[in-house]
Amino acid sequence: MHGRLQALFSGKPFDNSLYRAFGSMGSATEIATFASGCFWGVEHIFLKHYPPAQGKGIIKTSVGYTGGKETSQNPGYRAVCSGETGHAEAVKIEFDPAIVKYDELVEFFYRTHDPTTANRQGADTGTQYRSAIFTNSPEQEAIAKRVTEEVQAKHFTPKGKTIVTEILEAGPWWDAEEYHQLYLFKNPSGYQCPTHRLHW
């Protein structure tokens with residue numbers, strides 16, 4: 001949370017049309033849900049590499065909260081940051097599987113953070129920053145487990161590190177407050193976790 005509460009708005013008008021596609025070319029879309037630290041940076045790096053306006057398969061994204069206690073409904077940002085709700089900061093991605101496959105998105109998720117640190121990304125610590133894949137179907141669960149094994153063997157076992165990412169069935173989702181949506185596109189100089197980059 002360090003540095004994240006500074007200058008939430010730049011005051012400049014923002015056109016989000018570059019980051020929201022208008023449709024999926026008639027195909028059925030799917031949802032992928034990932035948590036890998038501060039959701040500002042997670043959404044930012046996915047959209048930088050899969051801009052909806054370029055037709056690379058991601059239709060739209062939203063940042064929000066998931067994976068928390070059943071007793072905590074519609075949590076706010078400060079409640080989630082307290083760690084008391086058990087929610088993770090996460091990104092929900094609507095994508096067209098005819099253009100980009102789920103396994104590619106899972107591998108990209110692993111490429112863009114450190115999945116070997118429990119409840120931590122960079123200086124951000126707490127359960128809300130945990131690494132997790134929230135699967136939306138049995139097929140997604142099988143793919144997530146397979147890709148995790150492949151990434152572990154290729155990129156982390158040789159370094160003596162172990163992936164600690166949770167793979168869980170997706171539960172209730174709560175959109176984060178509007179100012180969090182597309183935050184780093186609205187505020188290019190805003191805080192970004194240094195682990196949100198391409199690691200290979």
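Keep in mind that the numbers below use all heavy atoms, side chains included, and drop hydrogens, waters and symmetry copies.
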For the pair K154 and W200, evaluate side chain to side chain contact (heavy atoms under 4.5 Å, CB included) and give the outcome as yes or no after the intermediate values.
-> CA-CA 11 Å; K154 184 174 182 180; W200 68 79; over 6 Å; no
Please round to the nearest 0.5 Å and tell me the distance separating atom OG1 of T61 and atom CD of E43.
-> 3.5 Å
Ignoring hydrogens and angles, tell me if any N or O in the side chain of T157 forms a donor-acceptor pair with the backbone of Q152 under 3.5 Å.
-> yes
Are the side chains of P52 and K60 in touch, meaning some heavy atoms are under 4.5 Å apart?
-> no
Same cluster for I167 and I31 if Ile/Leu/Val/Met/Phe/Trp/Tyr side chains link at under 4.5 Å?
-> no
What do you reckon, is CD of E169 surrounded by more than 12 foreign heavy atoms closer than 6.0 Å?
-> no
Can you list the steps and then say if W174 with Q73 is a side chain to side chain contact (heavy atoms under 4.5 Å, CB included)?
-> CA-CA 8 Å; W174 310 100; Q73 302 290 305; 3.2 Å; yes
Answer yes or no: is there a side-chain heavy-atom contact under 4.5 Å between E94 and I58?
-> no
Is F95 close to F46 at the side-chain level, that is, under 4.5 Å between some pair of heavy atoms?
-> no
Residues D175 and S62: closest non-hydrogen pair is OD1-OG, 3.5 Å
Taking all non-hydrogen atoms of both residues, which atom of C193 and which atom of D124 are closest, and how far apart?
-> CB-OD2, 4.1 Å
Hey, is K145 close enough to E149 for a salt bridge, meaning N to O under 4.0 Å?
-> no
Shortest non-hydrogen pair, G190 vs Y183, comes out as CA-CE2, 4.1 Å
Which pair of heavy atoms, one from P158 and one from A153, lies closest together, and at what distance?
-> CD-O, 3.4 Å
When rounded to the nearest 0.5 angstrom, what distance separates CG in D96 from OG1 in T29?
-> 7.5 Å
For the atom pair CG (D114) and CD1 (I163), what is the distance rounded to the nearest 0.5 Å?
-> 9.5 Å
Quick check: are there more than 12 heavy atoms from other residues, nucleotides or ligands sitting under 6.0 Å from CD of E150?
-> yes
Whether over 12 other heavy atoms sit under 6.0 Å from E70 CD = no
Tell me, please, which residues at least two apart from A176 pass side-chain contact (heavy atoms from CB on, under 4.5 Å).
-> F39, V63, Y65, H180, Q181
Over all atoms of both residues, closest heavy-atom pair of T66 and G171 = OG1-O, 4.0 Å
Any residue meeting side-chain contact (heavy atoms from CB on, under 4.5 Å) with T112, in chain and number order, not counting sequence neighbours = I45, F108, L198
From E104 CD over to R111 CZ, what is the distance, rounded to the nearest 0.5 angstrom?
-> 9.0 Å
Mind checking whether H113 and F109 have parallel, tilted or perpendicular rings, split at 30° and 60°?
-> tilted
When you measure from the side chain of K56 to the backbone N and O of L47, does any donor-acceptor pair fall under 3.5 Å?
-> no
Could you check if a side-chain atom of Y179 sits within less than 4.5 angstrom of a side-chain atom of N187, using non-hydrogen atoms only?
-> no
Working for side chain to side chain contact (heavy atoms under 4.5 Å, CB included), residues V164 and T117 = CA-CA 7 Å; V164 297; T117 54; 5.8 Å; no
Residue pair L105 / A32: nearest heavy atoms and the distance that separates them | CD1-CB, 4.4 Å
Output yes when a side-chain donor or acceptor of R130 lies under 3.5 Å from a complementary backbone atom of A132, and no otherwise.
-> no
Hits for side-chain contact (heavy atoms from CB on, under 4.5 Å) against I143, two or more places apart or cross-chain, chain-then-number order -> Y102, D103, R146, V147
Rounded to the nearest 0.5 Å, what separation is found between the CD1 atom of I133 and the OG1 atom of T165?
-> 6.0 Å
4.5 Å side-chain heavy-atom contact, H196 and S36 | yes
Minimum side-chain heavy-atom gap Q140-E30 below 4.5 Å = yes
Whether T85 side chain and S72 backbone form a donor-acceptor pair below 3.5 Å | no
Consider only side-chain heavy atoms of I, L, V, M, F, W and Y, link residues closer than 4.5 Å, and tell whether I93 and V106 are in one cluster.
-> yes
One should read off an interatomic distance between H44 NE2 and H49 NE2, to the nearest 0.5 angstrom, of 9.0 Å
T116 side chain reached by T162 side chain, heavy atoms, under 4.5 Å = no
Given side chains that start at C-beta, do those of S131 and F34 come closer than 4.5 Å, heavy atoms only?
-> no
Q121 side chain to Y129 backbone, donor-acceptor under 3.5 Å = no
Mark yes or no for whether H199, through its side chain, and T195, through its backbone, hold a donor-acceptor pair below 3.5 Å.
-> yes
Could you walk me through whether W40 and F185 pass side chain to side chain contact (heavy atoms under 4.5 Å, CB included), step by step?
-> CA-CA 9 Å; W40 294 347; F185 293 97; over 6 Å; no
